[in-house]
Amino acid sequence: MTKIAFVFPGQGSQKVGMGQSLVEKSKDSQQFIEQADAALGFSLSKLMAEGPQEELTVTYNAQPALLTVGALIAARLMAANIQPDYTAGHSLGEYTALVTSGMMTFEQAVTAVHQRGLYMNQAVPAGVGGMAAILGLERAEVEKVTAKITDDGDSVQPANLNCPGQIVISGTKAGIEKACTALKEAGARRALPLDVSGPFHSTLMKPAAEKLRKTLAEIEMKDATIPLIANVNASVVKQREEIQAFLVEQLYSPVLWEDSIRTMIASGVTHFIECGPGKVLSGLIKKIDRTATVYPVYDEETLEEVIAASRGWSK
């Protein structure tokens, strides 16, 4: 029997022109764009369509843009009778999963992630923190090395546990530099500093998390109609009280992406559909489990492809 998960990417997947073919072909998709503009009070749609890329990449713009495209793709798939058994999102993508799971309205989520982006941008001054991708080293070794550097006074920690051999670390600039050197000495194949605006999913984000807590407390969330897999512990979440607390914790805790995918596979998921620009999550899922069936949906053509393929799936 086919079991389906919708998965949603986070920051880094945004690009000028994202979602345009979907919007041009569907009035339903156009409504998401219009609702986002109205909720935010500025033309996110123009920024998505025309750029510039630098402005679209700023965290408080990238987050609502990615959520909008992911949400409209999921809605189109569900309208075509492709119903997910689970949802999950990578970092920011968790909010798109919340919309698809029925825990937040689209308008609530697009406003919340814009605020989330502003809080994250304000939390740490530019140049103070950073992130780096560590390739070819086991999780336990990364945790051991970063914990020692943190204990010595320069904060750094695992931020995204993406797949075997790929872990992103986050922390102060000094902590990242020391960790990259130490992790390569410990056997990492590569340690690559990332071009990001802050030390996301590190303890340096705790000031942003406190502001986010207040914002989320004002949102009337609902229990899930579709189970969601939470970033912070890779467990199934259905209750609104649980996810509200997890969303705050998520801002300064590691994204357990590999564990989340394994949770869904253990629950019987056979098909993963990535809803959003690019194919980043699709690549990670195949590295976690080569036998998984994965479809990235990012434009009208790939949407039609997965709808056609779904007609042959066992119910």
Side-chain angles (χ1 to χ4, degrees), residues 5-11 13-14 19 28-29 31-42 44-45 48 59-79 83-120 201 208-251 253 255 260 264 273-276 281:
F6 286 3
V7 295
F8 302 94
Q11 291 185 79
S13 294
Q14 69 280 347
D28 289 339
S29 295
Q31 286 179 354
F32 278 88
I33 299 289
E34 292 170 355
Q35 288 171 7
D37 285 353
L40 295 172
F42 67 89
L44 179 69
S45 57
M48 290 166 61
T59 183
Y60 49 77
N61 292 326
Q63 294 198 38
L66 287 163
L67 182 136
T68 299
V69 175
L72 70 84
I73 290 171
R76 290 280 302 279
L77 290 168
M78 293 169 79
Q83 302 297 321
D85 296 283
Y86 294 92
T87 70
H90 192 288
S91 187
L92 166 276
E94 187 157 75
Y95 288 79
T96 327
L98 285 169
V99 174
T100 303
S101 286
M103 303 185 87
M104 271 189 192
T105 67
F106 172 70
E107 292 90 342
Q108 287 172 332
V110 80
T111 304
V113 299
H114 178 60
Q115 291 296 316
R116 179 179 183 265
L118 288 170
Y119 301 152
M120 292 166 73
H201 299 290
E210 286 310 306
K211 292 179 181 178
L212 182 63
R213 186 191 307 278
K214 294 175 184 176
T215 296
L216 293 174
E218 296 171 1
I219 296 175
E220 189 176 338
M221 295 176 64
K222 296 181 179 179
D223 292 342
T225 55
I226 300 166
L228 177 144
I229 309 301
N231 281 185
V232 299
N233 62 2
S235 68
V236 177
V237 181
K238 296 180 182 178
Q239 303 300 316
R240 60 185 180 274
E241 295 87 0
E242 276 188 298
I243 196 63
Q244 209 157 22
F246 287 161
L247 289 173
V248 175
E249 189 178 343
Q250 183 229 57
L251 211 51
S253 301
V255 173
S260 296
M264 288 185 276
I273 303 177
E274 179 176 2
C275 305
L281 298 185

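- Legend: residues meeting side-chain contact (heavy atoms from CB on, under 4.5 Å) with N233, ordered by chain and number and at least two apart, are A230, S235, F246.
- Between the CG atom of L212 and the CD atom of Q244 there is a distance of 9.5 Å, given to the nearest 0.5 Å.
- The shortest non-hydrogen separation linking L216 to L247 is CD1-CB, 3.7 Å.
- Put simply, the side chain of V110 does not reach to within 4.5 Å of the side chain of Q35, judged on heavy atoms.
- A 6.0 Å sphere centred on CD of E220 holds no more than 12 heavy atoms belonging to other residues, nucleotides or ligands.
- What you find for V236 and P227 is that their closest heavy atoms are CG1-CB, 3.7 Å.
- Under a 3.5 Å cut-off, the side chain of D223 and the backbone N or O of Q239 do not form any donor-acceptor pair.
- Listed for the D37 side chain is a donor-acceptor partner under 3.5 Å among the backbone atoms of S45.
- Across all their heavy atoms, F32 and F106 have their closest contact at O-CE2, 3.4 Å.
- In this structure, OG1 on T68 lies 7.0 Å from CG on L40, to the nearest 0.5 angstrom.
- S101 contributes a side-chain N or O that, together with a main-chain N or O of I226, makes up a donor-acceptor pair within less than 3.5 Å.
- Taking the six-membered ring where tryptophan is involved, the planes of H114 and F42 are tilted, since the angle between them lies from 30° to 60°.
- Between the CD atom in E107 and the CD1 atom in I219 there is a gap of 12.0 Å [rounded to 0.5 Å].
- Judged by distance alone, the side chain of Q83 and the main-chain N or O of M78 form a donor-acceptor pair under 3.5 Å.
- Looking only at side-chain heavy atoms (C-beta outward), R116 and L92 come within less than 4.5 Å of each other.
- Residues K238 and M103 come closest through the heavy atom pair O-CE, 3.7 Å.
- Contact between M221 and L98 at its shortest, heavy atoms only, is CE-CD2, 4.3 Å.
- Residues Y119 and T215 have side chains in contact (heavy-atom distance under 4.5 Å, counting atoms from C-beta outward).
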List the steps, then state whether side-chain contact (heavy atoms from CB on, under 4.5 Å) holds for T100 with F8. CA-CA 10 Å; T100 303; F8 302 94; 3.3 Å; yes

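- Of the inter-residue distances, the one linking Q31 atom CD with L72 atom CG reads 11.0 Å to the nearest 0.5 angstrom.
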Determine whether N61 and Q14 satisfy the following criterion, side-chain contact (heavy atoms from CB on, under 4.5 Å), listing intermediate values before the conclusion. CA-CA 10 Å; N61 292 326; Q14 69 280 347; over 6 Å; no

Stepwise, does the side-chain contact (heavy atoms from CB on, under 4.5 Å) test hold for V7 with E274? CA-CA 5 Å; V7 295; E274 179 176 2; 4.0 Å; yes

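- Between L228 atom CG and F6 atom CZ the span is 13.5 Å, to the nearest 0.5 Å.
- Counting only distance, with no hydrogens or angles, the side chain of Q63 and the backbone of Q11 share no donor-acceptor pair below 3.5 Å.
- To the nearest 0.5 Å, atoms CD1 (I73) and CD1 (I273) are separated by 10.5 Å.
- Considering every non-hydrogen atom in both G89 and N231, the closest pair reads O-ND2, 2.7 Å.
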Check step by step if side-chain contact (heavy atoms from CB on, under 4.5 Å) holds for L66 and T96. CA-CA 8 Å; L66 287 163; T96 327; over 6 Å; no

